[in-house]
Amino acid sequence: QVQLVESGGGFVQTGGSLRLSCATSGRTFSSYAMGWFRQAPAKEREFVAVITRFGSTTVYADSVKGRFTISRDNAKNTVYLRMNDLKPEDTAVYFCAAALVRNYYVTPQAANEYDYWGQGTQVTVSS
């Protein structure tokens with residue numbers, strides 16, 4: 001069992017920045033591709049970003065490309081999401097997720113490909 005705990009959400013004005021963190025339990029963090037998703041009120045959960053097991057490859061949703069950066073520290077069992085130039089449409093609950101994958105180059109982008117989820121952290125961007 002893997003437990004994920006997000007932190008770093010909050011309230012920020014348009015153009016501001018936040019860094020989300022997701023700390024995980026267990027000794028096999030590097031066995032997981034790690035992703036970030038978000039869900040706004042009355043909307044479906046959507047993919048934001050993913051990073052491969054050892055951080056060699058990242059993939060982003062078009063809506064955040066160039067503004068968000070996903071990274072990981074396998075020594076600390078933690079994945080991060082740096083969010084710059086935030087916009088009101090970025091307002092959502094942000095979830096980190098872990099996908100147990102065999103290959104180091106896999107970049108899952110569908111929610112049903114993930115095995116474990118955090119509880120989410122709220123990000124609110126005011127206009």
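When the side chains of ILVMFWY residues are joined at heavy-atom separations under 4.5 Å, either directly or via intervening members, Leu86 and Val93 end up in two distinct hydrophobic clusters. Note on Val12: it clusters hydrophobically with Leu81, by side-chain heavy-atom contacts below 4.5 Å among ILVMFWY residues. Residues Ile70 and Val101 do not share a hydrophobic cluster, defined by chaining ILVMFWY side chains whose heavy atoms lie under 4.5 Å apart. Both Tyr60 and Val48 sit in one connected hydrophobic cluster of ILVMFWY residues. Membership requires side-chain heavy atoms under 4.5 Å apart, directly or through other members.
Considering every non-hydrogen atom in both Thr52 and Val106, the closest pair reads CG2-O, 3.3 Å. Asp85 and Arg67 get closest at one heavy-atom pair: O-NH1, 2.9 Å. Taking each heavy atom of Gln119 and Val5 in turn, the nearest pair found is OE1-CA, 3.8 Å. Closest heavy-atom contact between Ala98 and Tyr32: CB-CD2, 3.7 Å. Between Ala97 and Tyr114 the shortest heavy-atom distance is CB-CD2, 3.4 Å.
Between Phe47 and Trp36, the ring centre distance reaches or exceeds 6.0 Å.
Residue Phe29 is tested with Arg72, Arg53, Lys76 for a side-chain contact (heavy atoms from CB on, under 4.5 Å); the sole match is Arg72.
Summarising the geometry, atom OH belonging to Tyr116 is positioned 13.5 Å from atom SG belonging to Cys96; distances are rounded to the nearest 0.5 Å. In this structure, CD1 in Ile51 is found 6.5 Å from OG1 in Thr58, a value given to the nearest 0.5 Å. Rounding to the nearest 0.5 Å gives a distance of 11.0 Å between CZ of Phe95 and CZ of Phe37. Taken to the nearest 0.5 Å, the CE atom of Met34 stands 9.0 Å off from the OG1 atom of Thr78.
Around atom CD of Gln122, more than 12 heavy atoms belonging to other residues, nucleotides or ligands sit under 6.0 Å away. More than 12 heavy atoms of other residues, nucleotides or ligands sit less than 6.0 Å from atom CD of Glu89.
A donor-acceptor pair under 3.5 Å links the side-chain atoms of Glu6 to the main chain of Gly120, judged by distance alone. A side-chain donor-acceptor contact under 3.5 Å links Thr91 to the backbone of Val125. Using modelled atom types, one side-chain atom of Asp115 and one backbone atom of Leu100 make a donor-acceptor pair closer than 3.5 Å. Judged purely by atom type and a 3.5 angstrom limit, Thr121 uses its side chain to pair as donor or acceptor with the backbone of Gly9. Within the 3.5 Å criterion, the main-chain N or O of Tyr105 finds no donor-acceptor partner in the side chain of Thr57. Thr14 places a side-chain N or O within 3.5 Å of a backbone atom of Ser126 that can act as its donor or acceptor partner. Side chain of Arg19 to main chain of Tyr80: no donor-acceptor pair is present (N/O by atom type, distance under 3.5 Å, no hydrogens or angles). A donor-acceptor pair is defined here as one N or O able to donate and one able to accept, closer than 3.5 Å; no such pair exists between the side chain of Tyr104 and the backbone of Ser30.
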Given the rule in the side chain to side chain donor-acceptor pair (under 3.5 Å) test, do Tyr94 and Arg38 qualify, once you have shown the distances and angles that lead to the verdict?
-> CA-CA 4 Å; Tyr94 283 71; Arg38 66 186 182 186; 2.9 Å; yes

Side chain to side chain contact (heavy atoms under 4.5 Å, CB included) evaluation trace for Phe54 with Asn74 | CA-CA 8 Å; Phe54 299 100; Asn74 285 359; 3.8 Å; yes

Just do the side chain to side chain donor-acceptor pair (under 3.5 Å) check on Asn84 and Ser17 with the steps written out, would you?
-> CA-CA 4 Å; Asn84 294 329; Ser17 298; 2.9 Å; yes

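Figure legend: cation-pi geometry between Arg82 and Phe68 absent, as NZ or CZ is not positioned both under 6.0 Å from the six-membered ring centre and within 45° of its axis.
At least one side-chain heavy atom of Val50 sits less than 4.5 Å from a side-chain heavy atom of Pro108.
Taking a cutoff of 4.0 Å between a charged side-chain nitrogen and a carboxylate oxygen, Asp90 and Lys87 do not qualify as a salt bridge.
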